[in-house]
Amino acid sequence: MSALGEQTLSTLWERTRMQGDMPGFAKAITSILGAMRGEDEKEFDMARTVLSDPVLTQKVLRLANSGMYSAFGQHINTVSKAVLVLGTEAIGHLALGLKLIEELSVVSPDSGLAHIEMEKAVLAGIVAREVSATAENRHGEEAVVCSMLQTLGRMMITFYMPERWAALQDAAGEGKEDASAIDVLGMSLQDIGRAAAIHWGLPSNLLSGMRTMVPPADDEPAEPLSPEDWVAGVSTMSCICAGALWHDNEEGAAEVRRITARYSNMIGVSTDRLALAIEQAKVVAASDLSIAPLSKPAERRAKALDQTRQRAAGNNILLSGLSDMRDSLDTASPGQMVSIALETVFKGLQFTRAVAFVRNRRENKYMARMCLGEGVREHLPAMQFPDAYEPNVFHAALSSDRVIFIENAADPKFAAKLPAWWRDTLNDARSFVILPLCSNGQPTGFLYGDWDDSFPVIHLSPTEFSLLNDIRSLVMKAAERRHQVDSVNRAA
């Protein structure tokens, strides 16, 4: 290694010590792969791990309910069912991709260049997953991870040494940074990635899969590949395809067609089937991981808004959740039933946020206990109010024991009916619903869900009101059943 290369690595390790080692990700690879292989089962429960991360929870449920899994003929409303449907491998790959981007966002939220490189890496992993599934190769797991790591050197330089990345682009041009790496850094970007992987102590099979694998020329006979070479071939192809797909234009599409034709024989998948696998990867990336610019945020939001008008689809989710609740009625605790109910209404009505409130009789107040949606968890401590009657919409709903729907919470004429705690925590909601939970005429809590201004005007149908009443009825049946059991136990 040249003196310049040694200086580059020395600077890189020093900055990782100063800024924090980007992986956490390295540790995540080891633990998630262990779970996928069935190792350390007592220490790593996939469903519990998913539920501990709200972002991952929503991504897993969204993937389980996507068109790819429509053959299962049902909407998946709980993480446990999603794990059964998707399998631990698919969830593990999803978790790795999210972890990769999350680590960057936490340490350096303004690092746009590095974020782009990480998005491309996650997209490469998605391509590898779809290609491996098409090839029906048992080494697909390594191919997915190696595809994410193939451009590790690019990620490391953009993340920790952005001034050197700018020098690479000045010397060779944007998108051609590899060509100037030896002169500017003293070593190739791929060698830097490999050095980082060794520095983190990643397994040797992953190191092998991170190398570039070039197909033989058309006039050379194709020889059978070793598993290690096949993984390297898939990861190389996936990485190149991800770079082309990310731009989402005709030039990129043409590059994908060229690459698939070139790598088809090496990987052992026909060009047509490779094209279908990559198209599927593009759909997954756009709909489930929000890879920019594939996600086209404005178009995604327009599509989501259109889906809110498709009431039958939302009602099917509510019906599926009701089925889950009925199946669980004899075994689930009241708290578990509230959790399922909250998931069900959040997904079925496409709420921006959903919160479960419980009445604390000892402290004479209602307090928020569970929540779904972005930006709401930090406000939970402030979401509490006295249970003594006050003239506002929440006490009105609890007193009447009926579902209340507020279409326009911003109406000045309605302002006096909104309590201070709501204005302090949830006042960006345009419309909301309150589902009171009452037993023997006494309120025990309620479910709350709202929509912000990004959604169209909401009108709940009589069918939806009926389904919401069924949901809250099942929650209270679980509470009453638990009360009866406790009474019997005390009597005994």
Kindly indicate, with the supporting measurements, whether the criterion side chain to side chain contact (heavy atoms under 4.5 Å, CB included) is fulfilled by Leu460 and Leu349. CA-CA 9 Å; Leu460 293 186; Leu349 294 179; 4.2 Å; yes

Val345/Val433 under side chain to side chain contact (heavy atoms under 4.5 Å, CB included): CA gap, chis, key distance, verdict: CA-CA 10 Å; Val345 297; Val433 177; over 6 Å; no

Test side chain to side chain contact (heavy atoms under 4.5 Å, CB included) on Glu279 and Leu276 and set out the steps. CA-CA 5 Å; Glu279 187 61 31; Leu276 287 174; 5.6 Å; no

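The aromatic rings of Phe394 and Phe446 lie tilted to each other, with the angle between the two planes from 30° to 60°.
Residues Met476 and Cys438 fail the side-chain proximity criterion, which asks for heavy atoms closer than 4.5 Å. Side-chain atoms of Val475 and Leu435, non-hydrogen and from C-beta on, never get closer than 4.5 Å to each other.
Judged as a side chain to side chain donor-acceptor pair (under 3.5 Å), not a single pair has a partner in residues 402-419 (not counting sequence neighbours).
The distance from atom CZ of Phe346 to atom OG1 of Thr352, rounded to the nearest 0.5 Å, is 7.5 Å. Separation of atoms CH2 (Trp246) and CG (Leu123) is listed at 10.5 Å; rounding is to 0.5 Å. Expressed to the nearest 0.5 Å, how far CE of Met148 lies from CZ of Arg129 amounts to 8.0 Å. Of the inter-residue distances, the one linking Phe357 atom CZ with Met367 atom CE reads 10.5 Å to the nearest 0.5 angstrom. To the nearest 0.5 angstrom, Ile240 atom CD1 is 4.5 Å from Ile259 atom CD1.
Minimum heavy-atom separation, Thr344 to Leu318: O-CD2, 3.7 Å. Closest approach of Pro381 to Arg377, counting heavy atoms only: CD-O, 4.1 Å. Considering every non-hydrogen atom in both Met370 and Leu342, the closest pair reads CB-CD2, 3.8 Å. Ser235 and Ser147 get closest at one heavy-atom pair: CA-OG, 3.1 Å. Minimum heavy-atom separation, Thr260 to Arg257: OG1-O, 2.9 Å. The minimum heavy-atom distance linking Pro443 with Tyr366 is given by the pair CB-OH, 3.2 Å.
One N or O on the side chain of Arg423 and one on the backbone of Leu418 form a donor-acceptor pair closer than 3.5 Å. When atom types are taken as modelled, the side chain of Asn440 and the backbone of Gln442 share no donor-acceptor pair closer than 3.5 angstrom. Arg369 places no side-chain N or O within donor-acceptor distance of the main-chain N or O of Val358, the cut-off being under 3.5 Å.
For Tyr448 and Trp422, the side-chain atoms include at least one donor-acceptor pair closer than 3.5 Å. Between the side chains of Arg361 and Asn364, not a single donor N or O lies within less than 3.5 Å of an accepting N or O.
Enclosure of atom CD in Glu163 by more than 12 non-hydrogen atoms of other residues, nucleotides or ligands within 6.0 angstrom is indicated. Dense packing is recorded around CD of Glu378, with more than 12 heavy atoms of other residues, nucleotides or ligands lying under 6.0 Å away.
Under the side chain to side chain donor-acceptor pair (under 3.5 Å) criterion, Asp428 pairs with Arg353, sequence neighbours left out.
Trp451 has its ring centre less than 6.0 Å from the ring centre of Phe351.
The side-chain contact (heavy atoms from CB on, under 4.5 Å) test with His379 is passed by exactly one of Asp424, Leu426, Val355, Thr425: Thr425.
With respect to the salt-bridge test (charged N to carboxylate O, under 4.0 angstrom), the residues Arg258 and Glu255 qualify.
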